[in-house]
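Here is how names work: the chains are called A, B, and so on, in the same order as the sequence lines, proteins then strands, and each is numbered from 1.
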2 protein chains.
Amino acid sequence: MTDEAAAGSGAGAVDGVLAALADPTRRRLLDLLAAQGEVSATTLAEALPVTRQAVVKHLAVLDAAGLVGGRRVGREVRYEVRPAALDATARWMVALAADWDRRLAGIKRLAEAAEAAEAAEGDARE
Amino acid sequence: MTDEAAAGSGAGAVDGVLAALADPTRRRLLDLLAAQGEVSATTLAEALPVTRQAVVKHLAVLDAAGLVGGRRVGREVRYEVRPAALDATARWMVALAADWDRRLAGIKRLAEAAEAAEAAEGDARE
DNA sequence: GATCAGTGCAACTCCAGGGTTGCACACCAC
DNA sequence: GTGGTGTGCAACCCTGGAGTTGCACTGATC
């Protein structure tokens, strides 16, 4: 896990979440779900400018990413938000940002050291 | 800003970052940039299974999202990582996750209260 | 000035995925 | 049972974007 956070591109669950969050309709959907709690796909479709089928597809993507979960209640399926995957991705992103900062600082330090060494030794190195 | 963090879908800079991060090649690109510091598009293309032109396009997207920045050095353009936008998006995501938790807790509390009230009053309500 | 490496721009192909429609199936109410 | 309401599945457009190729341009180097 620490490896994943540091590597940046090999994170398994994270890319699913990122891909899911990249779509505005899906973010809107998550917003509605977060606001209303347990809602069915049909109800969600009424609040959006798309068909129920489109909503169902989006919910499938969000479900695969672990961002939502659904349970049957009679003949309808109530979906609700699942914070765990989002939380994990948020932490991954925070770690990545910190990683960038560290690397940038390190590179900048090396560059300055190299400049200093060059200035001190001239071109006698090679 | 606090509104943006709470609303979730209206964030201006965030959706650019999310869309940029959704692509695996772009994440790989960011990884390389974070690891190597200032690199040109041509150099990056050598380390990836795509053309220089594809890299240039991706860099343009990342640049528009504020994730990278480039400066000319003679006849080449060196790109480097810009942590600010990523950091902002990470914070937005953390706030959103916290928001979900709050809402879920609130809804659950309301549901339990409603259940309790129902159990206490029977069906005398309607 | 001539040459070569790196960049920028434009047109083109191609496919994943967002959206739709249509229909079959399951469930609740009457 | 029968009718309505909600879900699931499948086939189908169609746009966006990832990737390519080709060429013109600019800046070093000789």
Side-chain angles (χ1 to χ4, degrees), chain A residues 9 12-33 36-80 123 126, chain B residues 8-9 13-33 36-80 123 126:
Chain A
S9 62
V14 168
D15 72 323
V17 173
L18 288 175
L21 289 179
D23 187 80
T25 305
R26 277 195 289 265
R27 285 201 301 272
R28 187 92 187 73
L29 216 45
L30 289 173
D31 228 26
L32 287 172
L33 278 175
Q36 306 186 9
E38 281 194 322
V39 202
S40 73
T42 306
T43 308
L44 287 169
E46 288 170 1
L48 288 175
V50 295
T51 339
R52 174 184 62 93
Q53 293 302 328
V55 172
V56 169
K57 281 192 183 180
H58 284 307
L59 285 173
V61 174
L62 292 171
D63 188 29
L67 287 169
V68 306
R71 66 174 236 271
R72 289 205 81 102
V73 179
R75 69 181 155 186
E76 66 181 10
V77 181
R78 307 268 181 80
Y79 289 90
E80 76 174 350
D123 54 347
E126 195 169 18
Chain B
S9 62
V14 167
D15 72 325
V17 174
L18 288 175
L21 288 180
D23 188 80
T25 305
R26 277 195 289 265
R27 285 202 301 272
R28 187 93 189 71
L29 216 44
L30 289 173
D31 229 26
L32 287 171
L33 279 175
Q36 307 186 7
E38 281 195 324
V39 202
S40 73
T42 305
T43 308
L44 287 169
E46 288 170 2
L48 287 176
V50 296
T51 343
R52 175 185 62 93
Q53 292 303 325
V55 172
V56 169
K57 281 192 184 181
H58 283 307
L59 285 173
V61 174
L62 292 171
D63 187 28
L67 288 169
V68 305
R71 65 175 237 271
R72 289 204 82 102
V73 179
R75 68 180 155 185
E76 65 181 11
V77 182
R78 307 270 181 80
Y79 289 90
E80 76 175 350
D123 55 350
E126 197 171 23

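Following rounding to the nearest Å, B:L21 (CG) and D:dG17 (C1') show an atom-to-atom distance of 17 Å. As rounded to whole Å, 15 Å separates atom C1' of C:dA16 from atom CG of A:D15. Between the P atom of D:dA18 and the CZ atom of B:R27 lies a distance of 12 Å, rounded to the nearest Å. Spacing between atom CG of B:D23 and atom C1' of C:dA16 amounts to 12 Å, rounded to whole angstrom units. Atom-to-atom, CZ of B:R26 to C1' of D:dG17 comes out at 9 Å; the value is rounded to the nearest Å. If you measure from atom CG of A:L48 to atom P of C:dG18, you get 14 Å, rounded to the nearest angstrom.
Two residues are said to be in side-chain contact when any heavy atoms from C-beta on lie closer than 4.5 Å; A:L44 and A:L59 meet this criterion. Residues A:R28 and A:L32 meet the side-chain proximity criterion, which asks for heavy atoms closer than 4.5 Å. Side-chain contact between A:L21 and B:L21 is absent, with no heavy atoms from C-beta onward closer than 4.5 Å. Under the 4.5 Å side-chain criterion, counting only non-hydrogen atoms from C-beta, A:E76 is not in contact with A:T43.
Side chain of A:V50, nearest nucleotide from D:dG6, C:dT20, D:dG19: C:dT20. Of the candidate nucleotides C:dG18, D:dG19, C:dT20, C:dT20 has the atom lying nearest to any side-chain atom of A:T51. Closest approach to the A:R75 side chain among D:dG19, D:dT5, C:dT21 is made by D:dT5 (side chain taken as heavy atoms from C-beta onward). For A:V61, counting side-chain heavy atoms from C-beta on, the closest listed nucleotide (C:dG18, D:dC9, D:dG19) is C:dG18.
Within 4.0 Å of B:V56, counting heavy atoms only, lies no atom of the nucleic acid at all. Across all strands, A:Q53 comes closer than 4.0 Å to base atoms (heavy-atom distances). At a threshold of 4.0 angstrom between heavy atoms, the contacts of A:R78 with the nucleic acid are absent.
Residue A:T25 places at least one side-chain N or O under 4.0 Å from the OP1 or OP2 atom of C:dG19.
Put simply, the side chain of B:R26 gets close to the backbone of B:A19: a donor and an acceptor are under 3.5 Å apart.
Judged by closest nucleotide on DNA chain D, A:R72 is the one of A:R72 and A:K57 placed further toward the 5' end. Both A:R52 and B:H58 lie near DNA chain D, and the one whose nearest nucleotide falls closer to the 5' end is A:R52.
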